[in-house]
There are 2 protein chains.
Amino acid sequence: MPVEIDDSAAEARAQGWRTLAALHARIEDALERALQREHRLSVSEYSVLDVLARQDGFHLRMNQLSGAVVLSRSATTRLVARLEERGLLQRYLCPDDRRGVYTEVTADGRAALERARPTHDESLAAALRRAEELPELAPLVTTLAVLPRAEGEGSAE
Amino acid sequence: MPVEIDDSAAEARAQGWRTLAALHARIEDALERALQREHRLSVSEYSVLDVLARQDGFHLRMNQLSGAVVLSRSATTRLVARLEERGLLQRYLCPDDRRGVYTEVTADGRAALERARPTHDESLAAALRRAEELPELAPLVTTLAVLPRAEGEGSAE
DNA sequence: CCGAAATAGTTGCGTGTGCATCATTTTGCA
DNA sequence: TGCAAAATGATGCACACGCAACTATTTCGG
């Protein structure tokens, strides 16, 4: 009965998705609290700084940035505006395409990122340890550590 | 140099987290659009119905539900309120502990869930196929399919 | 047995996000 | 060359979320 086979494949995918979502939510929750408490940074804000700092020239266009953090254009606009107000980021128009806007992380932004990184890494490690104790999450946590390294990984979308 | 070893472990975890977050965001985005468009359900709303429908007696206490969907108590209150207004859910006080509130999926709710499930499963499959074409996400997608099945998995936190 | 502490759930408030829309600039087709 | 279509980013708006504060109920110590 092919339908049965198909159903069970769908159920396996749904099961994998539930596990992924549960692990993601727990980690994000832990990171959000820790980064907010100690550095006044949200996970999105940290991500933006991290992504930009990894780029050659420390800059990216808004559109690429949206893709990298998987956020809408409008959310990205305001996220960048917040970070710019705090001096962690700088915006300037694209010389060759005047529709485009470059966002570049400043020296202050890179410094803030490096200050926040230990907090980020420690609470990530702690969240993973806690997740590993839950039988339904442990397998995914383990496989996560075994994932092959992406060498480039910096470029967006 | 032990610090170097520690750094590289932290970087490996961060890399795994970035991959997990990227895959999660893409899948959630796809599910959100599809469920919203075809069934006026958010991913959270679908999750609540799905979790409850999987319980014996189709009910759970608010607190357990918050844990299962990894949302704050206040968010859960309003999420449940929305679904109750649509008749997909029912609330009643815990007889033995009058602080507690049970939430139970109605027959309408289970019907709505079953109508939405194909949409959910199809866009999940589609999102996974797209993700598999991205070299940095493909390994995680593959391992997700190999995750062992949790037999119980229904009970919340 | 009574009152303090803990627990469950709700509500006011501030804020971050997506959608629809808009202005500006570039691209492409005739 | 000229003008419609596409693309980029910003803004008005509605809304879901988390935090803090509140009420109601239960639990626990004296």
Enquirer: Using heavy-atom distances to pick each residue's nearest nucleotide on DNA chain C, tell me which of A/Asp96 and A/Ser44 is more 5'.
Expert: A/Ser44

Enquirer: Can any side-chain N or O of B/Thr19 pair as donor or acceptor with the backbone N or O of B/Leu137 at less than 3.5 Å?
Expert: no

Enquirer: Kindly say whether, by distance alone, the side chain of B/Arg99 makes a donor-acceptor pair under 3.5 Å with the base of C/dT7?
Expert: yes

Enquirer: Using whole Å, what does the distance between atom P of nucleotide C/dA8 and atom CG of B/Asp97 come to?
Expert: 8 Å

Enquirer: Answer yes if A/Leu134 and A/Leu140 sit in the same cluster of Ile, Leu, Val, Met, Phe, Trp and Tyr residues linked by side chain heavy atoms under 4.5 Å apart, and no otherwise.
Expert: yes

Enquirer: Would you list the atom pairs, donor with acceptor, under 3.5 Å between side chains in residues 75-84 of chain B and any protein atom, with sequence neighbours excluded?
Expert:
from: B/Thr76; atom 1: OG1; to: B/Ser66; atom 2: OG; distance (Å): 3.2
from: B/Thr76; atom 1: OG1; to: B/Ser72; atom 2: O; distance (Å): 2.7
from: B/Thr77; atom 1: OG1; to: B/Arg73; atom 2: O; distance (Å): 3.1
from: B/Arg82; atom 1: NE; to: B/Glu45; atom 2: OE2; distance (Å): 3.1
from: B/Glu84; atom 1: OE1; to: B/Arg91; atom 2: NE; distance (Å): 3.2
from: B/Glu84; atom 1: OE1; to: B/Arg91; atom 2: NH2; distance (Å): 3.1
from: B/Glu84; atom 1: OE2; to: B/Arg91; atom 2: N; distance (Å): 3.3

Enquirer: Closest approach of B/Leu35 and B/Ser42, non-hydrogen atoms and distance?
Expert: CD1-O, 4.4 Å

Enquirer: Ion pair present between B/Glu11 and B/Arg18, side-chain N to carboxylate O less than 4.0 angstrom?
Expert: yes

Enquirer: Sub-3.5 Å donor-acceptor pair from the side chain of A/Glu104 to the main-chain atoms of A/Gln90, do we have one?
Expert: no

Enquirer: Are A/Thr103 and A/Val48 packed together at the side-chain level, in the sense that at least one heavy-atom pair is separated by less than 4.5 angstrom?
Expert: no

Enquirer: More than 12 heavy atoms of other residues, nucleotides or ligands under 6.0 Å from CZ of A/Arg86: is that the case?
Expert: yes

Enquirer: Could you tell me how far apart A/Asn63 (CG) and C/dT26 (P) are, to the nearest whole angstrom?
Expert: 15 Å

Enquirer: Using whole Å, report how far CD of A/Glu45 lies from P of C/dT15.
Expert: 13 Å

Enquirer: Answer yes or no: does a side-chain N or O of B/Arg91 lie under 4.0 Å from OP1 or OP2 of C/dA8?
Expert: no

Enquirer: Listed by chain and number, what are the ring pair (Phe, Tyr, Trp, His ring centres under 6.0 Å) partners of B/His24, not counting sequence neighbours?
Expert: A/Trp17, A/His24

Enquirer: Heavy atom of residues 75-89 of chain B under 4.0 Å from DNA chain C: which residues?
Expert: B/Thr77, B/Arg78

Enquirer: Rounded to the nearest angstrom, tell me the gap between atom CZ in B/Arg73 and atom C1' in C/dT7.
Expert: 8 Å

Enquirer: Taking the inter-plane angle between the rings of B/His120 and B/Tyr46 on a 0 to 90° scale, is it parallel (under 30°), tilted (30 to 60°) or perpendicular (over 60°)?
Expert: parallel

Enquirer: Could you check B/Met62 against A/Leu71 and say which one's nearest nucleotide on DNA chain C is further toward the 5' end?
Expert: B/Met62

Enquirer: Can you hop from A/Val70 to A/Ile27 via hydrophobic side chains spaced under 4.5 Å?
Expert: no

Enquirer: Is there a residue in residues 32-42 of chain A whose heavy atoms reach under 4.0 Å of DNA chain D, and which residues are they?
Expert: A/Arg33

Enquirer: Testing A/Leu124, A/Leu41, A/Thr119 for side chain to side chain contact (heavy atoms under 4.5 Å, CB included) with A/Leu31, which one passes?
Expert: A/Leu124

Enquirer: Reading DNA chain D in the 5' to 3' direction, which nucleotide is the first one with an atom under 4.0 Å from a heavy atom of chain A, and which is the last?
Expert: D/dA7 to D/dC19

Enquirer: Could you give the angle between the helix axes at the two ends of the helix from C/dC1-D/dG30 to C/dA30-D/dT1, with five pairs per end, rounded to 10 degrees?
Expert: 20°

Enquirer: Looking at A/Glu114 and A/Arg117, is any side-chain nitrogen of the basic one under 4.0 Å from a carboxylate oxygen of the acidic one?
Expert: yes

